[in-house]
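The next block holds one structure in the form of structure tokens; read it before the comments.
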2 protein chains.
Amino acid sequence: MRISELSRRTGVSIPTIKFYLREELLPPGSPKARNQAEYGERHLRRIWLIRTFTTVGGLDLSSVRKLIQVIEDESLPLAAVYRILDRTMARPPLEPPCPDSVTQARDQVDRLMEQLGWRLLDDSGGATTLVQVLAALRTLGCESDLAFLLPYARAAAALADAELDLLATDDGEPDRGAAVVRGVLLDVASAALRRMAHEQQVLVRLPDAAG
Amino acid sequence: MRISELSRRTGVSIPTIKFYLREELLPPGSPKARNQAEYGERHLRRIWLIRTFTTVGGLDLSSVRKLIQVIEDESLPLAAVYRILDRTMARPPLEPPCPDSVTQARDQVDRLMEQLGWRLLDDSGGATTLVQVLAALRTLGCESDLAFLLPYARAAAALADAELDLLATDDGEPDRGAAVVRGVLLDVASAALRRMAHEQQVLVRLPDAAG
DNA sequence: GAGTAGTGGAAAGTGCCGCTGTCCATATTT
DNA sequence: AAATATGGACAGCGGCACTTTCCACTACTC
């Protein structure tokens, strides 16, 4: 398969494919002549992966690069794969406009973790984000008890559990590539589902919303 | 208060404040002389709002502008406010690399809605996203039964319910500004919490993840 | 075998976004 | 009087994800 067919079958323009090649997001095809290379199924799948990560997952290309490296590196244990995945999905914490309140917010999160019986790594991206959000909510003057988050947190844990169940395969080795894609897509899916729940509750409780 | 104090107290640089003024994200101060204007608490709060939406909420300036307009427009009913909020938070659906599978994915989502007893508006941003994700998962060959999403969806609905409970105030009128900020921040918070649940489950089930 | 279309590779250019820097006539502070 | 700050206009920048242009060459098409 040459570049034009690759382009046709993926719906990605030739210049963009060349760009991905240059960026080494896509490995070069096997050269057949000075200006002729052969691309295969692997390239098709790779392009599908890149487009899925960017358009559905909303990731930037540096994140995509990281995830591809992780998938490729067979020596990396699955636990490390997930750790990098979780780091990559968490938006990098830009400094928020709430320098105060952060200490209290951190305490709140610690207490929540305790109530849930969770023990995360220190550099958890999610926890950092949660602290910032709570600090902002406090600055807003909306410093509620976090107990109402508990059932949701447990449901989220159950969801993550179900995701990890999918690792089991017929042969012993789990498909690391599929695990990463699933991780990204389920993250997006659960965010979407939560927003749908929000829309639903708004429709139920503020009936004139249908207008 | 003049611009330098506004800058000092918000931590936002003067050029940036000027930029926000130009973009009409920030209303002009009341002029005191040809080159002197007075800014007040309102400007402080507005800048806090903009920075919170962008740095914590991850919104772009056009979304921020939309949300500010919504908050300002007193005539808009609360239901409409939430509707715009939900539309704004949902990432605009870039065309994904899965032209097929979309029909089946739509059916899956319809069935899920039925099981949940939900009835969303046709143009639900969350539903569109969910369809795309399921189509991608199907292309990946990971087309599981969506039943495992049900408890999570119900917990998400309960969370949204709790959020709407916060609308009640001492006087009759709910604070629409606070409602919007809360909507944005709780969206980010629940995404963070879900990722924390994921990290937690990974640590529990793949114990060597601590390395 | 002449003509056209396609190919890989390099380099420069594009459009958008969120600022940032510069300039200037005027005000304020010291 | 000198130094600093202000508001306003406008050009410029850095990052990102491409897109365009050019080239020498190859491969099908008649």
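Proteins get letters first, then strands, A, B, ... in listed order; numbering begins at 1 in each. Everything quoted here is computed from the prediction, not taken from an experiment.
Rounded to an integer number of Å, the gap from A/Leu26 CG to C/dG9 C1' is 15 Å. The distance between atom CD1 of A/Ile17 and atom P of C/dG9, rounded to the nearest whole Å, is 13 Å.
Residues passing the ring-ring contact (aromatic ring centres under 6.0 Å, His included) test with B/Tyr152, sequence neighbours excluded: A/Tyr152. Not counting sequence neighbours, the partners of B/Tyr39 by the ring-ring contact (aromatic ring centres under 6.0 Å, His included) test are B/His43. For A/Tyr20, the ring-ring contact (aromatic ring centres under 6.0 Å, His included) test picks out no residue, with sequence neighbours left out. By the salt bridge (charged side-chain N to carboxylate O under 4.0 Å, His left out) test, B/Arg119 pairs with no residue at all, sequence neighbours left out. Here A/Asp165 pairs with B/Arg205 under the salt bridge (charged side-chain N to carboxylate O under 4.0 Å, His left out) rule; sequence neighbours left out. For B/Tyr82, the ring-ring contact (aromatic ring centres under 6.0 Å, His included) partners are A/His198, not counting sequence neighbours. Scored by the salt bridge (charged side-chain N to carboxylate O under 4.0 Å, His left out) test, A/Arg87 finds A/Asp123 as partners (sequence neighbours excluded).
Protein chain A contacts DNA chain D from D/dA17 to D/dA27, reading 5' to 3' and using non-hydrogen atoms of the protein with a distance under 4.0 Å.
Across residues 35-46 of chain B, B/Asn35, B/Gln36, B/Ala37, B/Tyr39 each have a non-hydrogen atom less than 4.0 Å from an atom of DNA chain D (numbered order).
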Notebook entry, point to check: Which letter, B, S or -, goes with each nucleotide of nucleotides 17-24 of chain C from 5' to 3', with contact meaning a protein heavy atom under 4.0 Å?
Noted result: -SBB----
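Contacts classified as salt bridge (charged side-chain N to carboxylate O under 4.0 Å, His left out) and involving residues 26-38 of chain B (residues at least two apart or in different chains) are not found. A salt bridge (charged side-chain N to carboxylate O under 4.0 Å, His left out) check over residues 8-19 of chain A, counting only residues at least two apart or in different chains, returns the pairs A/Glu5-A/Arg9, A/Arg9-A/Glu41.
Classification of B/Asp86 and A/Arg195 as a salt-bridged pair fails, no side-chain N sitting under 4.0 Å from a carboxylate O.
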